[in-house]
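Below, chains carry the letters A, B, ... as their sequence lines are ordered, and counting in each starts from 1. All figures in this text were calculated on a predicted structure; none of them were measured in a lab. All values below come from the heavy atoms of this structure, side chains included, with hydrogens, waters and symmetry mates left out.
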2 protein chains.
Amino acid sequence: MNSGSANEMTENCPIARWRRKKEARPSEILDAALAQFVEKGFRATKMEDIARAAGVTKGTPYLYFQNKEDILKAVVRETLVANLKDIQLLAGQHAGSTAGLLHLMVETWWHKVGSAPSAGLCKLMIAEASNFPELAQFYFDEVIQPSTEMMALILQRGIDQGEFRPLPVAHAVDALMAPLISTMIMNHSFGQLPGCPLASTHNPLAYLKDALDLVLSGILKK
Amino acid sequence: MNSGSANEMTENCPIARWRRKKEARPSEILDAALAQFVEKGFRATKMEDIARAAGVTKGTPYLYFQNKEDILKAVVRETLVANLKDIQLLAGQHAGSTAGLLHLMVETWWHKVGSAPSAGLCKLMIAEASNFPELAQFYFDEVIQPSTEMMALILQRGIDQGEFRPLPVAHAVDALMAPLISTMIMNHSFGQLPGCPLASTHNPLAYLKDALDLVLSGILKK
DNA sequence: ATCAAGCTACTGAACAGTGATTTATTAATT
DNA sequence: AATTAATAAATCACTGTTCAGTAGCTTGAT
């Protein structure tokens, strides 16, 4: 919400005195942490980086959070879990064809997640999952599992209504999610390299739509 | 090649005297490093882990390699670049239909890369790319770029021969690779979690074949 | 309204553990 | 005896976390 506004004063004016802001600090720290984590990864982000980006000093984050891992958990909750709920809502409200819903979901996902810092956070979770099993479990339970279940329900409904042909739902779910995952991954690893010509980094939204159409043509009844 | 055999003696017999093996050391160290990197990731792997796994002490790897990053580069060269060449050879020799070639490539890829330590290494490169730009560029130039070009050539040939319908080649290439990428990613991040029901981690080869068929049905001429 | 006096958000220096790399020393091989 | 592969102790830089001290804010008596 107030991302970037936390440190106007402290950054512009070296003589600035600090203020006491008990209410605002936590979210300022989380906003700063999100940006730093996405930019540098979890391990490479120092507590001092987070603190400075939030306009405070090293010790302050420890007034509001247990430790670095706790901050990451809070960031994930604020962004990814929230994103997922938005999309679940969208899916629940939709009335038209299931194929149309999938198109709408991809587009919405791109705007809210794929092209946002959230995507960097997903990539970070994937990168760090094996180093932090507890964190991995948390992310799996709160994000991956619910997403997968939602997609499975949607596909199953498409089959039941005769719009899709019968197919192994679990495989189709993964096939639909794979382009999203690889887009996030690529954009936040090799995407910034000079002269990277991957479709998913060059024109992501167009790629995502084409990828969806390719898979859909295998799913739809002929 | 001799993975795991490097340290028979040193591990079993605490009083064992070390031996001088100038020729064998580099590959023993690289084998050990591959295993450690795949298990723990790059940063979390200590030089001492690598050394001990190779049956030597901390200082020894520095006799053969500049530093930790240099070891990773060498590991990537020995495995991923070699894997790619194998698959390029396979593609070059194939005679039958292009769709058949794609099926063969997926199966071969699974045996040589997807289910092997190589997959863990790919995931590691993705995870660390943004922290090591030079390494990222190296991997992009040596692995990603050539893979993409190979796939593009294959698809283009399929189109030229009238087997595939005309389509945006770059998008289709990414759509074909996405399931492979997400399989590697998932298997080496959340795949080991208790009760992970993702298709790509539960029965990867079956999933990969289904995913290929789904995309193929969008590519093939009707 | 003013102004202490106390509360506590915040600071920043110090601590402690870690891990990459160096180097003086040891001992296998020739 | 000379050579040098390998060791293991020492170095050095880094960073998560703590904590004693500082200063912004609030309160309540005047």
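When the P atom of C:dG19 is taken as reference, atom CD of B:Q36 falls 13 Å away, rounded to whole Å. Per the geometry, CZ belonging to A:R19 stands 12 Å off C1' belonging to D:dC25, to the nearest Å. The separation between A:K22 atom NZ and C:dT8 atom C1' is 9 Å, rounded to whole Å. Regarding A:I71, its CD1 atom lies at a distance of 16 Å from the P atom of D:dT15, rounded to whole Å. We find that CD of B:Q66 is positioned 14 Å from C1' of C:dA20, with the value rounded to whole Å. A straight line from CZ of A:R25 to P of C:dT8 spans 17 Å, rounded to a whole angstrom. Rounded to a whole Å, the NZ atom of B:K46 is 11 Å from the C1' atom of C:dG17. The interatomic distance linking A:E48 (CD) with D:dT17 (C1') rounds to 13 Å, in whole Å.
Looking at A:K68, its side chain has no donor and acceptor atom pair within 3.5 Å of the base of D:dT17. For a distance-only test at 3.5 Å, the side chain of B:K58 qualifies as a donor-acceptor partner of the base of C:dT21. In the interface, the side chain of B:R20 is paired with the base of D:dT4 through a donor and an acceptor atom under 3.5 Å apart.
One N or O on the side chain of B:K68 and one on the backbone of B:F42 form a donor-acceptor pair closer than 3.5 Å. Using modelled atom types, no side-chain atom of A:Q36 and backbone atom of A:A53 make a donor-acceptor pair closer than 3.5 Å.
If you check every strand for non-hydrogen atoms under 4.0 Å, A:F65 touches nothing.
Mapping B:Y64 and A:E69 onto DNA chain D by nearest heavy atom places B:Y64 at the nucleotide closer to the 5' end. Take the nearest nucleotide of DNA chain C for B:A44 and for B:G59: the residue whose nucleotide is more 5' is B:A44.
At a threshold of 4.5 Å between non-hydrogen side-chain atoms, the residues B:M177 and A:S182 do not count as touching.
Taking the six-membered ring for Trp, B:F190 and A:Y139 have ring centres closer than 6.0 Å.
For B:E69, the CD atom sits in a packed shell: over 12 heavy atoms of surrounding residues, nucleotides or ligands are nearer than 6.0 Å.
The side chain of A:T60 places an N or O atom within less than 4.0 Å of a non-bridging phosphate oxygen (OP1 or OP2) of C:dT11.
Out of D:dT7, D:dA23, C:dT21, the shortest distance to the side chain of A:W18 is found at D:dA23.
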